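Structure record follows, encoded as structure tokens.
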Number of protein chains: 4
Amino acid sequence: MARKVGSIGAETADRVRLAALSLFARYGYAAVSMRQIGREIGLQAGAIYNHFPTKQHLLRGLMVEHMERLLTAWEAERDDNLPPREALVAFVRFHIRYHVKCGEEVFISYMELRNLEEQNFVEVEELRRRYEHSLRSILEAGTEARVFTVSDPRVATMAVIAMLTGVTNWYRTDGRLSLDEIEELYVRMISGAVGMKEN
Amino acid sequence: MARKVGSIGAETADRVRLAALSLFARYGYAAVSMRQIGREIGLQAGAIYNHFPTKQHLLRGLMVEHMERLLTAWEAERDDNLPPREALVAFVRFHIRYHVKCGEEVFISYMELRNLEEQNFVEVEELRRRYEHSLRSILEAGTEARVFTVSDPRVATMAVIAMLTGVTNWYRTDGRLSLDEIEELYVRMISGAVGMKEN
Amino acid sequence: MARKVGSIGAETADRVRLAALSLFARYGYAAVSMRQIGREIGLQAGAIYNHFPTKQHLLRGLMVEHMERLLTAWEAERDDNLPPREALVAFVRFHIRYHVKCGEEVFISYMELRNLEEQNFVEVEELRRRYEHSLRSILEAGTEARVFTVSDPRVATMAVIAMLTGVTNWYRTDGRLSLDEIEELYVRMISGAVGMKEN
Amino acid sequence: MARKVGSIGAETADRVRLAALSLFARYGYAAVSMRQIGREIGLQAGAIYNHFPTKQHLLRGLMVEHMERLLTAWEAERDDNLPPREALVAFVRFHIRYHVKCGEEVFISYMELRNLEEQNFVEVEELRRRYEHSLRSILEAGTEARVFTVSDPRVATMAVIAMLTGVTNWYRTDGRLSLDEIEELYVRMISGAVGMKEN
DNA sequence: GATGAATGAGTCTTCATTCAT
DNA sequence: CATGAATGAAGACTCATTCAT
């Protein structure tokens with residue numbers, strides 16, 4: 001049988017993406033089959049290939065698009081004129097706020113790196129590098145301005161990112177703490193971690 | 001752990017474990033086949049079943065044994081009489097030192113949780129909870145004693161663990177920094193993060 | 001066979017036929033997909049079904065039409081009043097000249113017989129039988145007239161056809177020998193094979 | 001379930017080969033599935049891969065081994081001291097006798113050439129070239145010795161081979177003519193085709 | 001008449017697992 | 001305890017074909 005009435009290509013592609021995202025996050029890329037993705041949205045596995053040439057393309061798309069959206073959102077929000085203290089706070093708040101909204105994307109972006117083929121891996125890593133570089137610049141500027149006491153900005157960058165991203169592992173919309181409270185907690189902890197001077 | 005002469009079976013089981021560990025870490029549990037594990041050590045896939053009843057048992061074993069070794073090592077080293085400041089420093093140093101030594105175990109213990117069958121998952125999570133509880137106790141004690149300024153010990157525990165475990169993602173034996181220097185950096189950052197009083 | 005202006009449909013059908021012919025000859029009927037044929041001429045696979053009801057019809061068409069054109073061409077050229085010697089020479093020259101012009105059709109007409117459904121197979125075989133019967137009649141007439149020395153006209157027919165058709169396997173337009181020279185060589189060899197008396 | 005009692009590897013491989021040969025000959029390589037081959041001999045498709053790494057290897061094996069057996073048989077029978085007339089007769093008789101015994105191998109060796117991957121194709125072609133070269137040498141020697149009247153030995157070689165191999169297309173063990181009679185007919189026709197002098 | 005999206009069956013191949021030897 | 005051969009299910013992907021638009 002042919003096309004279901006009213007179904008449009010782009011719409012189906014989006015449903016596939018969504019199903020894949022959710023399944024990859026829950027079971028892992030390698031453990032999820034095209035059949036399973038199709039079943040989730042009432043499609044034969046083969047039909048997915050009308051929208052994505054391979055399973056790998058599907059994964060790459062999810063990761064690259066996530067990273068690009070993240071970068072775009074950060075570019076829109078960052079303010080390079082902010083002094084280091086305020087810049088760090090802005091980054092921390094942005095990172096948490098943005099990441100808890102798309103926990104699944106974040107999760108697979110860390111977990112499925114090894115399932116990316118070389119070329120796609122390089123592409124995603126470059127995007128990540130660009131994002132994390134923002135934080136490093138802030139830490140370096142603050143260190144130079146003697147408002148932070150960071151011995152090794154490279155290590156500090158990774159430490160802060162690790163701490164921040166960890167939030168997505170336990171954050172629940174209906175949890176004990178509001179998003180605002182969580183942001184506040186992390187601003188305090190990270191301020192301390194980088195040895196931020198009180199004023 | 002020297003093997004007695006003739007205990008060739010246990011030796012083979014160990015070779016399987018080692019190969020599986022390395023392959024699971026590199027490619028992921030779901031993406032690694034029993035044939036691949038066998039090939040790595042010159043064995044037919046079928047022979048693995050003389051030592052492990054299923055692939056899932058193999059994974060469970062790696063994860064449970066890792067967590068148990070970790071707990072045992074920590075039990076041996078912890079000193080509950082230490083005041084909070086010193087206890088925290090001891091935990092930080094222990095965690096880093098222990099984890100960088102077994103990056104692969106740590107990696108799969110985080111990555112492959114979702115590939116554990118329910119019962120095994122529960123078991124591993126309980127072990128992890130016990131380990132992380134040590135840190136939480138230290139943070140709570142230090143907060144109560146007003147030597148730390150931690151607003152939310154539960155969140156702080158997860159934040160500190162996330163930051164610390166992140167080290168295994170980039171640590172290289174022959175890297176720029178010695179293990180000692182790295183421990184020092186993290187002691188400083190985490191001391192700051194928990195608002196440790198200077199004295 | 002000029003197409004009337006506007007008869008764009010028939011034109012598309014012809015492009016399909018041409019593409020299918022070429023692809024079937026190169027890769028074999030079973031190994032060529034409707035998508036591949038469509039791609040070759042910038043068409044979606046589905047569009048082919050506006051012109052041919054099934055892939056099998058496409059194959060049948062190519063083979064039947066080839067055989068019919070061959071028969072028609074031979075009917076136009078044959079001269080039943082020719083004496084056996086001249087008739088054989090005429091057949092040899094015609095066969096070679098005609099077959100090297102449509103190597104692909106000849107090729108698939110031999111190679112894809114087994115991919116024809118029963119009914120289509122019978123139809124094509126009947127056409128082939130009719131064509132080859134011309135040669136057999138010539139050989140029988142010549143034998144009766146004692147200008148050929150053929151022990152078994154049935155076997156001789158198949159032997160001559162096999163020898164002649166083999167030309168299409170190696171003939172190249174720009175090869176070492178001209179078509180005329182090739183015809184001459186085969187006339188000599190086949191004359192010998194049928195024991196043609198010198199005069 | 002594991003191995004069926006008594007089945008041995010080499011034996012199964014042979015049964016696979018035989019089934020594949022027969023099916024490839026009847027339906028063509030591309031049209032035959034591994035399932036079909038397995039079904040023919042009561043095996044799951046997957047089990048075939050215990051004996052042949054790919055379907056292509058199976059095909060290559062059938063063709064290469066056929067050509068090698070053919071060459072070996074001819075090497076055992078040829079006698080380079082025979083004068084051209086006798087040598088040609090020997091070749092004709094050998095070719096027919098050998099080829100009618102393995103019609104399926106011969107058939108796929110011609111039909112499935114295009115389904116061989118480049119490297120395998122080259123290998124098979126080289127074997128074929130070596131075999132056909134024997135005939136060409138005979139024709140050239142006979143021409144030089146003026147016992148044959150061949151204008152172009154290269155073309156004559158292909159013509160003779162084509163005529164001879166055609167036999168496999170219609171030969172039936174229980175046919176009208178005995179193998180001996182058929183050999184006799186072809187010796188006469190081919191002697192004529194190469195213009196063999198009567199004595 | 002063409003497209004693009006869909007189906008359902010099929011492709012080759014790999015998988016975890018079993019078991020006679 | 002290991003091998004090698006097997007099973008049956010499943011993997012990603014392609015196929016001929018259909019049909020609403």
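Remember, it's a predicted structure, so these values are computed and weren't measured experimentally. Numbers restart at 1 for each chain; the letters A, B, ... are given by sequence-line order, proteins then strands.
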* Kindly indicate whether the side chain of D:Y49, heavy atoms from C-beta on, has any atom under 4.5 Å from the side chain of D:M34. => yes
* Close side-chain approach of C:I37 and C:V32, heavy atoms under 4.5 Å -> yes
Proximity to the side chain of [X] - top-ranked nucleotide from [options]:
X: D:T54; options: E:dG4, E:dT13, E:dT17; result: E:dT13
X: D:M34; options: F:dA16, E:dC12, E:dT17; result: E:dC12
X: C:S33; options: E:dT17, F:dG8, F:dC15; result: F:dC15

* Tell me which of C:G42 and D:P53 sits closer to the 5' end of DNA chain E, going by the nucleotide each one is nearest to. => C:G42
* To do: Hey, which sits more toward the 5' end of DNA chain E by its nearest nucleotide, B:G46 or A:H51?
  => A:H51
* With both distances under 3.5 Å as the test, what is the Watson-Crick or G-U wobble partner of E:dT21? -> F:dA2
* F:dA12: pairing nucleotide in any strand, Watson-Crick or G-U under 3.5 angstrom -> E:dT11
* Asked: Can B:R60 be said to sit on top of B:F121's aromatic six-ring, NZ or CZ under 6.0 Å from centre and within 45° of the ring axis?
  -> no
* Phosphate OP1/OP2 of E:dG1: any C:T12 side-chain N/O under 4.0 Å -> no
* To do: Give a yes/no on whether any side-chain N or O of D:Q44 is located under 4.0 angstrom from OP1 or OP2 of F:dA6.
  => no
Using atom [atom1] of [X] as one end and atom [atom2] of [N] as the other, report the distance to the nearest whole Å.
X: C:E11; N: E:dA2; atom1: CD; atom2: P; result: 11 Å
X: B:Y27; N: E:dC15; atom1: OH; atom2: P; result: 13 Å
X: C:R39; N: E:dA2; atom1: CZ; atom2: C1'; result: 17 Å
X: A:L43; N: E:dG4; atom1: CG; atom2: C1'; result: 13 Å
X: D:I37; N: E:dT11; atom1: CD1; atom2: P; result: 11 Å
X: B:E117; N: E:dA16; atom1: CD; atom2: P; result: 14 Å
X: B:Y29; N: E:dC15; atom1: OH; atom2: C1'; result: 12 Å
X: A:N50; N: E:dA6; atom1: CG; atom2: P; result: 6 Å

* **Any donor-acceptor N/O pair under 3.5 Å between E:dA16 base and B:R35 side chain** => yes
* To do: Name the residue closer to the 5' end of DNA chain F, choosing between A:V32 and C:A45 according to the nucleotide with the nearest heavy atom.
  => A:V32
* **Residue met sooner reading DNA chain F from 5', once C:A47 and A:Q56 are mapped to nucleotides** => A:Q56
* C:R26/C:E104 salt bridge by N-O under 4.0 Å criterion -> no
* Asked: side chain to side chain contact (heavy atoms under 4.5 Å, CB included) between A:L18 and A:R15: does it pass, once the steps are laid out?
  -> CA-CA 5 Å; A:L18 228 69; A:R15 291 196 302 135; 5.7 Å; no
